[in-house]
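Report on the structure given below.
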Amino acid sequence: MSTMTSTPPRRHVPLSERPKGSSYRRFKDRSATVVLTAAMVLAMIPLVLIVFEVTRRGIGVINLDFITQTEPPPRREGGGYAAGFFGTLYIMALAVLMSIPFGIATAVYIVEYGPNRMTAAIRFFTDVMTGIPSIFVGLFVYGLVVIGWGSMGFGTFAGAVAIAVMMLPIVTRSAEEMLRLVPNEIRNASYGLGARRWQTIVHTVLPAAAPGLTTGSMLAIARGIGETAPLLLTAFGSGLVVTAFQGEPQGAVPIQLYRGAAQPFEAGIDRAWGAALSLFVLVLAFTVVARWIGSKASTGSR
């Protein structure tokens with residue numbers, strides 16, 4: 001019969017009696033903390049200055065008239081970017097319909113029907129598309145849709161295609177990661193009950209990944225809503241509210257902001273600051289909502 005021996009309590013070692021190596025490790029740890037904190041502060045300075053300046057210059061411009069009225073001549077004060085807000089919502093609604101269902105379907109194919117050569121190629125081109133500059137996307141859609149369709153090619157539809165191309169890789173990659181987080185036990189349980197693969201995907205996998213899919217989609221919308229270069233080559237911009245699907249220039253807040261900031265008149269520049277603050281608030285709102293949904297999903301899964 002073995003006897004149990006208790007471990008003697010640890011004796012507190014004064015700091016002066018501790019080995020020199022531990023002091024050196026503490027010094028390195030504190031030094032690394034100071035360096036990383038300083039780097040974070042330096043990285044935050046430009047962002048804080050930009051937010052402060054945009055808010056300071058744009059807060060006095062935004063009011064009900066700025067949202068509901070069209071843009072007056074550059075010299076005249078007042079007015080707003082109603083055409084830009086309407087065009088941005090119009091283009092983004094079409095871009096969402098084009099990119100999010102297709103992006104989620106692509107991710108489903110990669111996760112549920114891979115791996116194979118096709119899924120490897122899709123993942124490779126998705127990664128490449130993520131890093132393509134937006135001006136290249138605008139040139140691609142300009143050549144494919146605007147020039148290809150002639151006088152009926154530009155406008156709302158072409159702008160939506162360009163924004164959808166920008167959003168598609170973000171939706172696909174984020175949806176792929178969310179679908180991979182769904183435990184295989186859930187799939188196996190569905191198969192064990194006699195469900196087919198498509199039934200398992202539709203009724204089990206997608207509902208389980210829905211919060212993450214929503215988060216990725218919101219982040220993609222936040223990215224697309226502020227794009228300017230693709231719209232300059234496809235939507236062309238307009239100061240009037242345009243409901244045409246194609247064949248007429250369509251307004252957008254980024255285009256009006258760009259043109260307003262490029263003019264020499266103070267009234268037009270002030271409206272551009274208001275548009276910049278509006279875009280900042282829109283992007284921030286989508287990002288905050290996406291993070292909130294993601295945090296709720298992670299809390300609920302514990």
Output for pair (Leu213 CG, Ile104 CD1), nearest 0.5 Å, gives 5.0 Å
Is there any side-chain hydrogen bond (donor to acceptor under 3.5 Å, both in side chains) pair reaching into residues 27-49, and which pairs are they, with sequence neighbours excluded?
none
Is the backbone N or O of Val182 less than 3.5 Å from a side-chain atom of Arg187, with the two atoms forming a donor-acceptor pair by type?
yes
Got a second to check how far Leu231's CG is from Thr156's OG1, nearest 0.5 Å?
10.5 Å
Pro46 to Ala43 - nearest heavy-atom pair and separation:
CD-O, 3.4 Å
Under 3.5 Å, side chain of Glu177 to main-chain N/O of Ser174, donor-acceptor pair present?
no
Mind listing the closest non-hydrogen atom pair of Met167 and Ser99 along with its distance?
CE-OG, 3.4 Å
How close do Thr172 and Thr106 get, counting heavy atoms only, and between which atoms?
CG2-CG2, 3.9 Å
Between Ile201 and Leu206, is any pair of side-chain heavy atoms under 4.5 Å apart?
yes
Side chains of Ile45 and Val48: closer than 4.5 Å at any heavy-atom pair?
no
Minimum side-chain heavy-atom gap Gln69-Tyr81 below 4.5 Å
no
I'd like to check Met118 versus Tyr113 (side-chain heavy atoms, cut-off strictly below 4.5 Å). Are they in contact?
no
Check whether any side-chain N or O of Thr130 sits under 3.5 Å from a backbone N or O of Thr126 as a donor-acceptor pair, and report yes or no.
yes
Smallest separation among heavy atoms of Pro74 and Ala267, with atom names:
O-CB, 3.5 Å
Flag yes if Met218 and Leu97 sit in one hydrophobic cluster, no otherwise; membership is Ile, Leu, Val, Met, Phe, Trp, Tyr, and two members link when side-chain heavy atoms are under 4.5 Å apart.
no
In this structure, CE of Met129 is separated from CE of Met166 (nearest 0.5 Å) by 9.0 Å
Which pairs count as ring-ring contact (aromatic ring centres under 6.0 Å, His included) when at least one residue sits in residues 33-53, sequence neighbours excluded?
none
Qualifying residues under salt bridge (Lys or Arg N to Asp or Glu O under 4.0 Å), relative to Glu176, sequence neighbours excluded
Arg123, Arg173, Arg180
More than 12 heavy atoms of other residues, nucleotides or ligands under 6.0 Å from CZ of Arg56: is that the case?
yes
For Leu179 versus Ala209, what's the shortest heavy-atom pair and its separation?
CD2-CB, 3.9 Å
Spacing of CZ belonging to Phe86 relative to CD belonging to Gln250, to within rounding of 0.5 Å:
6.5 Å
Kindly say whether Gly78 contributes a backbone atom to a donor-acceptor pair with the side chain of Arg271 at under 3.5 angstrom?
yes
What pairs meet the ring-ring contact (aromatic ring centres under 6.0 Å, His included) rule with one or both residues in residues 128-148, with sequence neighbours excluded?
none
In this structure, would Val202 and Phe102 fall into the same cluster of hydrophobic residues linked by side-chain contacts under 4.5 Å?
no
Contact check, side chains of Pro230 and Val141, non-hydrogen atoms, under 4.5 Å:
no
Which residues pass the side chain to side chain contact (heavy atoms under 4.5 Å, CB included) test with Thr88, sequence neighbours left out?
Met92, Ile225, Ala252, Val253, Pro254
Would you find a donor on one side and an acceptor on the other, under 3.5 Å apart, between the side chain of Gln256 and the backbone of Gly84?
yes
Is any side-chain heavy atom of Leu233 closer than 4.5 Å to a side-chain heavy atom of Leu139?
yes
Quick one: list whatever passes salt bridge (Lys or Arg N to Asp or Glu O under 4.0 Å) with Arg259, sequence neighbours left out.
none
Can you pull the ring-ring contact (aromatic ring centres under 6.0 Å, His included) pairs that have at least one residue in residues 232-288, sequence neighbours excluded?
Phe154-Phe236, Phe157-Phe245
Assess the residue pair Ile62 and Val281 against the criterion (side-chain contact (heavy atoms from CB on, under 4.5 Å)); give the C-alpha distance rounded to whole Å, side-chain angles, the decisive distance to 0.1 Å, and a yes or no.
CA-CA 11 Å; Ile62 298 179; Val281 172; 5.9 Å; no
Under a 3.5 Å distance rule, please check whether Thr119 uses its side chain to pair with a backbone N or O of Pro115 as donor and acceptor.
no
Taken in chain and number order and not counting sequence neighbours, the residues that satisfy salt bridge (Lys or Arg N to Asp or Glu O under 4.0 Å) with Arg75 are none
Pairs flagged by ring-ring contact (aromatic ring centres under 6.0 Å, His included) wherever residues 198-223 is involved - sequence neighbours left out:
none
Quick one: salt bridge (Lys or Arg N to Asp or Glu O under 4.0 Å) partners of Glu77, sequence neighbours excluded?
none
What one should report as the nearest heavy-atom pair of Ile170 and Gly216 is CG2-O, 4.4 Å
Common cluster, Met44/Val54, ILVMFWY with side-chain heavy-atom separation under 4.5 Å:
yes
Quick check: is Val288 connected to Val283 through a chain of hydrophobic side chains (ILVMFWY, heavy atoms under 4.5 Å apart)?
no
dist Asn63:CG -> Thr68:OG1 (nearest 0.5 Å) comes out at 8.0 Å
Roughly how far apart are Ile91 CD1 and Ile255 CD1, rounded to 0.5 Å?
6.5 Å
Would you mind reporting whether Val161 and Thr234 have side-chain heavy atoms less than 4.5 Å apart?
no
Listed partners of Pro101 passing side chain to side chain contact (heavy atoms under 4.5 Å, CB included), at least two apart
none
The side-chain contact (heavy atoms from CB on, under 4.5 Å) partner of Leu219 among Thr214, Thr287, Val289 is Thr287
Excluding sequence neighbours, so at least two apart, what forms side-chain hydrogen bond (donor to acceptor under 3.5 Å, both in side chains) with Ser238?
none
